[in-house]
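To start, the structure under review is shown below, and the notes come after it.
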Amino acid sequence: MPELPEVETTRLGVRPHVIGKPIVRVLVRESRLRWPVSPELPQMLTGNIISDVARRGKYLLFLTECGRMMVHLGMSGSLRITDINKVPRKHDHIDICFVDGNILRFHDPRRFGSVLWLPGESGHELIDNLGPEPLEDDFDGDHLYRLSQSRRTAVKTFIMNSRIVVGVGNIYANEALFLSGIRPDRAAGRISRERYRRLSDDIKAVLGKAIESGGTTLRDFVREDGSPGYFSQQLNVYGRGGETCVRCSQKLTESRLGNRSTVYCSRCQR
DNA sequence: CGCTGACCCTGACGGC
DNA sequence: TGCCGTCAGGGTCAGC
């Protein structure tokens, strides 16, 4: 489900509802996620206060005085703000209950997500070796060009690698490559510095616009209040295999790269 | 070291 | 109507 824009939409949505209010109860109904939910999580959060909600790549970090809760939404996860009168649905795995009756509720049918407790200021292997944030200035075409040298993997696989750059998932990788006119299966090491400059600009542009639209809802992504994101209306290629290219009207090609569905225009993308 | 494919899990959908 | 195969926005890991 969530790529960077959906995670950022979630962060902005939940933030005002969870900051500065004592947590009175933490309920873990299902701890078997991608990794087991940290057993100390309820104890560490209860009586505690969240001071801010940050994001690193697709990880959300809920900051407190004694440590951080790190949440990943996996493929089907979502966080919603609800209240004690709302009966939990199937797959509502974790409730974080605040003193005012509001609840931060983690929902994840496929259980590929994770909820971990990082004590104190400690880092974690999952976030310590990530590439730059795509919307920050240290991510640019030169960065992509430098790391791509002598790499034979497909450029689409390359930009989806979180050690290269975080937050670019399957939807936005397809979209950015279309905007840049680059074939997804082109070897990463056989692309010019100039074209990587264009690609990094297009990655920033497509992620930025998706955040403005509240993310992309295809199946299960919902915002903190349960509403969908609207960026799917602006998708040029993702989910449009066999349909016509918006630029040249040729039929879009659909294939698989690294086991992920890949759509492009063989005329506009070289 | 880089790359590929299997795998974790549930649910929706299309074909028969 | 039901059964079966396929696919889905994530990432890790073993093996070559």
Side-chain angles (χ1 to χ4, degrees), chain A residues 1-10 29-37 55-60 70-79 89-93 106-116 124-131 134 146-177 184-190 203 206-207 210-211 213-223 228-242 254-263:
Chain A
M1 161 212 118
E3 302 185 32
L4 188 144
E6 291 73 41
V7 177
E8 181 66 8
T9 296
T10 298
R29 297 187 191 80
E30 174 59 82
S31 60
R32 295 173 303 167
L33 304 183
R34 178 66 177 83
W35 288 281
V37 175
R55 179 184 60 72
R56 179 71 177 101
K58 295 173 190 167
Y59 292 91
L60 286 170
M70 181 168 77
V71 176
H72 195 291
L73 299 175
M75 288 280 264
S76 58
S78 58
L79 284 173
R89 299 167 298 163
K90 196 175 182 184
H91 307 305
D92 281 345
H93 303 315
F106 177 80
H107 175 87
D108 186 7
R110 294 178 71 181
R111 289 192 274 123
F112 286 179
S114 56
V115 178
L116 298 173
H124 194 279
E125 53 191 2
L126 292 171
I127 51 172
D128 286 346
N129 299 304
L130 294 174
R146 218 177 312 118
L147 293 184
S148 68
Q149 292 314 288
S150 79
R151 289 212 170 198
R152 291 179 309 180
T153 193
V155 62
K156 176 161 174 276
T157 308
F158 177 68
I159 59 173
M160 289 177 68
N161 180 344
S162 62
R163 290 183 167 250
I164 306 302
V165 57
V166 297
V168 182
N170 201 35
I171 297 179
Y172 302 110
N174 278 299
E175 294 300 314
L177 289 165
D185 57 357
R186 175 173 282 275
R190 304 207 52 193
I203 288 172
V206 74
L207 293 178
I211 292 170
S213 305
T216 299
T217 296
L218 297 175
R219 272 161 286 275
D220 31 25
F221 174 68
V222 288
R223 303 166 73 160
Y230 293 103
F231 191 73
S232 54
Q233 297 166 14
Q234 297 175 58
L235 296 176
N236 288 306
V237 287
Y238 185 85
R240 297 194 62 240
E254 180 151 21
S255 66
R256 295 190 79 75
L257 269 179
N259 247 335
R260 299 210 116 90
S261 112
T262 301
V263 187

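All chains are named by letter (A, B, ...) in the order of the sequence lines, taking the proteins before the strands, and each is independently numbered beginning at 1.
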Hey, is A:F112 doing a stacking thing with B:dC8, by the 5.5 Å centroid and 30° angle criteria?
yes
Please pick, from [options], the nucleotide with the shortest atom-to-atom distance to any side-chain atom of [X].
{"X": "A:P109", "options": "B:dG11, C:dG9, C:dC7", "answer": "B:dG11"}
{"X": "A:R110", "options": "C:dG9, C:dA8, C:dG11", "answer": "C:dA8"}
{"X": "A:R260", "options": "C:dG10, C:dG11, B:dT4", "answer": "C:dG10"}
{"X": "A:S261", "options": "C:dG9, B:dC9, C:dA8", "answer": "C:dA8"}

Does OP1 or OP2 of [N] have a side-chain N or O of [X] closer than 4.0 Å?
{"X": "A:R32", "N": "B:dT10", "result": "no"}
{"X": "A:K58", "N": "C:dG9", "result": "no"}
{"X": "A:T157", "N": "B:dC3", "result": "no"}
{"X": "A:Y172", "N": "C:dG9", "result": "no"}
{"X": "A:T153", "N": "B:dT4", "result": "yes"}
{"X": "A:H91", "N": "B:dC9", "result": "no"}

I'd like the P distance from C:dC3 over to B:dC9, given in whole Å.
23 Å
What is the separation between atom [atom1] on [X] and atom [atom2] on [N], rounded to the nearest whole Å?
{"X": "A:N161", "N": "C:dC13", "atom1": "CG", "atom2": "P", "result": "14 Å"}
{"X": "A:L257", "N": "C:dG9", "atom1": "CG", "atom2": "P", "result": "13 Å"}
{"X": "A:E30", "N": "B:dC9", "atom1": "CD", "atom2": "P", "result": "11 Å"}
{"X": "A:R56", "N": "C:dG10", "atom1": "CZ", "atom2": "P", "result": "17 Å"}
{"X": "A:L218", "N": "C:dC7", "atom1": "CG", "atom2": "P", "result": "17 Å"}

At what distance, to the nearest 0.5 angstrom, does [atom1] of [X] lie from [atom2] of [Y]?
{"X": "A:L79", "Y": "A:R223", "atom1": "CG", "atom2": "CZ", "result": "14.0 Å"}
{"X": "A:E6", "Y": "A:Y172", "atom1": "CD", "atom2": "OH", "result": "3.5 Å"}
{"X": "A:L73", "Y": "A:R110", "atom1": "CG", "atom2": "CZ", "result": "13.5 Å"}

Do A:E175 and A:N236 come within less than 4.5 Å of each other through their side chains, counting heavy atoms only?
yes
Would a 4.5 Å heavy-atom cut-off, applied to side chains only, mark A:N161 and A:R151 as touching?
yes
Let me see the working for A:F231 and A:V206 under side-chain contact (heavy atoms from CB on, under 4.5 Å), right down to the final yes or no.
CA-CA 10 Å; A:F231 191 73; A:V206 74; 3.9 Å; yes
Map every base of DNA chain B to its dot-bracket character, where paired means a Watson-Crick or G-U wobble contact with both distances under 3.5 Å and | marks a partner outside the strand.
.|||||||.|||||||
I'd like a list of close polar pairs between nucleotides 5-7 of chain B and the protein, N/O only, cut-off under 3.5 Å.
none

Could you go through A:H93 and A:R111, starting from their C-alpha distance and side-chain angles, then the distance that decides it, and tell me whether this counts as side-chain contact (heavy atoms from CB on, under 4.5 Å)?
CA-CA 9 Å; A:H93 303 315; A:R111 289 192 274 123; 3.5 Å; yes
Answer yes or no: does atom CZ of A:R29 have more than 12 heavy-atom neighbours from other residues, nucleotides or ligands under 6.0 Å?
yes
Classify A:R256 by what it touches in the nucleic acid, base, sugar-phosphate, or nothing, heavy-atom distance under 4.0 Å.
sugar-phosphate
Per side chain to side chain contact (heavy atoms under 4.5 Å, CB included), A:L4 is matched among A:I211, A:V165, A:T9 by A:I211
Do A:N170 and A:K156 pass the side-chain contact (heavy atoms from CB on, under 4.5 Å) test, and can you show the C-alpha distance, the side-chain angles, and the key distance before you say yes or no?
CA-CA 9 Å; A:N170 201 35; A:K156 176 161 174 276; 2.7 Å; yes
